[in-house]
Enquirer: 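One structure, as structure tokens, below. Some questions next.
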Amino acid sequence: MAPRHPLLVLVTALSFLPTLLLAEEIEDADSNELVYGDSLKVFYRKRNGHACMMSIVFLILYPLGAISLHLPLPTFLRKIRIVPSVHVPIQILGLAMMIGGMGLGIDIATELHFFSTRAVPAHVVIGLLATSMIILIQPAMGILQHLHFRKTGGKSIFGHIHRWNGRVAIILGMINQGLGFQLVGIGTVVEPHSLIRNFVITGLFAGIWLLLVTWDEFRGGLKRNMIGAGNGEKKRDTKGMFSQNPAAAEI
């Protein structure tokens, strides 16, 4: 258990680093436009907190957790079990922050009477969908796949659901940040440079994630082709070169 503690500290520190980039104070909007049940200052703090926490979760933490499964590790690090030592701590931290951000979002939506209107904003609908997919499905499927992997060493339907449900939820969360900025007002409440900065970060992490997933699938396909050829010598020679990341096979 001891080797995990430094990683947890590192992940926690990194997760709050984007606050310096993402948690810019949003300028006050016209206070006459809406009537809030709470003081205006508290409302703005809740709104900024929701935006900051959800940006960190869906732009930084969840993509980092997914990327960790596909990183090519040097030989001296291959003894580290990526799933319990890196992937799970990052995702648990992200889950805790997401639940907090979701609570703030529901509170804000209630204050603004979004749930009592006929046309609920798309940001609210997609946000509830993405967070519900993660809360209700991800942990259960991840645990079931881990238990299956410990017994058989292979992947199950639980692993496929865990993987694709997570990918869809993360992409929805990334899209939803733009809808959130649009909802509060780009150019009035949210400065354009804040939007650009967030999308640059989104593109960076999403691009790395896509590249690593594609490369991992490519290596796995090469290995399957070699095995299908039935040449035992080739299988031995290419096992280390083309095999998928072991962590990707565990989740």
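Numbers for residues simply follow the sequence, beginning at 1. A quick note: this is a predicted structure, and the numbers were derived from the prediction, not measured.
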Enquirer: Roughly how far, to the nearest 0.5 Å, is the CG atom of Asp216 from the CG atom of Leu211?
Expert: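 These two atoms lie 10.5 Å from each other.
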Enquirer: Just grab all the ring pair (Phe, Tyr, Trp, His ring centres under 6.0 Å) pairs involving residues 50-69, residues at least two apart or on different chains.
Expert: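 Passing the test, one end in residues 50-69: Phe58-Tyr62.
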Enquirer: Set out, in order, the CA-CA distance, both residues' side-chain angles and the distance that settles side-chain contact (heavy atoms from CB on, under 4.5 Å) for Met53 and Met98, then state yes or no.
Expert: CA-CA 7 Å; Met53 291 172 72; Met98 186 194 73; over 6 Å; no
Enquirer: At their closest point, which heavy atom of Leu179 faces which heavy atom of His123, and how far apart are they?
Expert: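 Nearest pair, atom of Leu179 first, then His123: C-ND1, 3.9 Å.
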Enquirer: For residues Val57 and Pro63, report the shortest heavy-atom separation together with the two atoms involved.
Expert: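 Closest heavy-atom pair between Val57 and Pro63: O-CD, 3.9 Å.
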Enquirer: When you compare the side chains of Thr202 and Gln177, does any donor N or O come within less than 3.5 Å of an acceptor on the partner?
Expert: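 Distance-only check passes for Thr202 and Gln177.
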Enquirer: Using 0.5 Å steps for rounding, measure from the CZ atom of Arg197 to the CD atom of Glu191.
Expert: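 It comes to 10.5 Å.
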Enquirer: State, to 0.1 Å, how close Phe115 and Ile106 come at their nearest heavy-atom pair, and which atoms those are.
Expert: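 Result for this residue pair: CE1-O, 4.0 Å.
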Enquirer: Should Met141 and Arg163 count as side-chain neighbours, where that means a heavy-atom distance under 4.5 Å?
Expert: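 In short, these two side chains do not touch, never coming nearer than 4.5 Å.
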Enquirer: How about Glu111 and Phe43: do any of their side-chain heavy atoms sit closer than 4.5 Å?
Expert: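 SC-SC contact between Glu111 and Phe43 confirmed.
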Enquirer: Give a yes or no answer on whether the side chain of Ser85 reaches the backbone of Ile82 with a donor-acceptor pair at less than 3.5 Å.
Expert: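 Checking the backbone N and O of Ile82 against the side chain of Ser85, no donor-acceptor pair under 3.5 Å is found.
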Enquirer: Indicate, with yes or no, if Leu71 and Ile170 share a hydrophobic cluster defined by side-chain heavy-atom contacts under 4.5 Å among Ile, Leu, Val, Met, Phe, Trp and Tyr.
Expert: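 Yes.
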Enquirer: Can you check side-chain contact (heavy atoms from CB on, under 4.5 Å) on Trp209 and Arg167, steps first, answer last?
Expert: CA-CA 10 Å; Trp209 182 23; Arg167 289 173 177 174; 3.5 Å; yes
Enquirer: Given the rule that I, L, V, M, F, W and Y join up when any side-chain heavy atoms are under 4.5 Å apart, are Ile67 and Leu61 in one cluster?
Expert: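 Yes, one cluster joins them.
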Enquirer: Looking at CG of Leu112 and OG1 of Thr110, how far apart are the two atoms once the value is rounded to the nearest 0.5 Å?
Expert: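 Output value for this atom pair is 9.0 Å.
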Enquirer: Atom CD1 in Ile208, atom NE2 in His70: separation rounded to 0.5 Å?
Expert: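 Output value for this atom pair is 13.0 Å.
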Enquirer: What's the separation between atom CD1 in Ile80 and atom OG in Ser68, rounded to the nearest 0.5 Å?
Expert: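 The CD1 atom of Ile80 sits 11.5 Å away from the OG atom of Ser68.
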Enquirer: Please give me the minimum heavy-atom distance between Gly173 and Ala130, naming the atom from each residue.
Expert: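 Heavy atoms only, the tightest pair is N-CB, 4.4 Å.
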Enquirer: Would a single hydrophobic cluster contain both Leu204 and Leu59, if residues Ile, Leu, Val, Met, Phe, Trp and Tyr are joined by side-chain heavy-atom contacts under 4.5 Å?
Expert: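 In one cluster with Leu59: Leu204, yes.
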Enquirer: As an exercise, state the distance from OG1 of Thr131 to CG of Leu129, rounded to the nearest 0.5 Å.
Expert: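 With rounding to 0.5 Å, OG1 (Thr131) is 8.0 Å from CG (Leu129).
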Enquirer: Listed by chain and number, what are the side-chain hydrogen bond (donor to acceptor under 3.5 Å, both in side chains) partners of His148, not counting sequence neighbours?
Expert: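 Testing His148 for side-chain hydrogen bond (donor to acceptor under 3.5 Å, both in side chains), a comparison that skips the adjacent residues, returns Thr152.
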Enquirer: Do the non-hydrogen side-chain atoms of Phe181 and Asn198 ever get within less than 4.5 Å of each other?
Expert: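 A side-chain contact under 4.5 Å exists here.
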Enquirer: Are Val125 and Ile135 connected into the same hydrophobic cluster when the rule is that any two of I, L, V, M, F, W, Y join if their side-chain heavy atoms are below 4.5 Å apart?
Expert: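 Same hydrophobic cluster.
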Enquirer: Step by step, work out the side-chain contact (heavy atoms from CB on, under 4.5 Å) result for Lys41 and Tyr44.
Expert: CA-CA 5 Å; Lys41 181 180 289 187; Tyr44 285 136; 5.8 Å; no
Enquirer: Where is the tightest heavy-atom contact between Pro121 and Leu183, given as atom of each residue plus distance?
Expert: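 Closest approach of Pro121 to Leu183, heavy atoms only: CB-CD1, 4.0 Å.
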Enquirer: Of the non-hydrogen atoms in Pro84 and Pro89, which two are nearest, and what is the gap between them?
Expert: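 Looks like O-CD, 3.4 Å.
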Enquirer: Indicate if Val168 and Met174 have the same hydrophobic cluster label, given that clusters are the connected sets of ILVMFWY residues with side-chain heavy-atom separations under 4.5 angstrom.
Expert: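 The answer is no; the residues belong to distinct hydrophobic clusters.
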Enquirer: Taking only residues two or more places apart in sequence, or in another chain, which ones meet Ser156 in a side-chain hydrogen bond (donor to acceptor under 3.5 Å, both in side chains)?
Expert: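 Result, side-chain hydrogen bond (donor to acceptor under 3.5 Å, both in side chains) vs Ser156: Gln145.
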Enquirer: With side-chain contact (heavy atoms from CB on, under 4.5 Å) as the test, would you mind laying out the steps for Met133 and Leu172 before giving the verdict?
Expert: CA-CA 10 Å; Met133 288 172 65; Leu172 285 176; 4.0 Å; yes
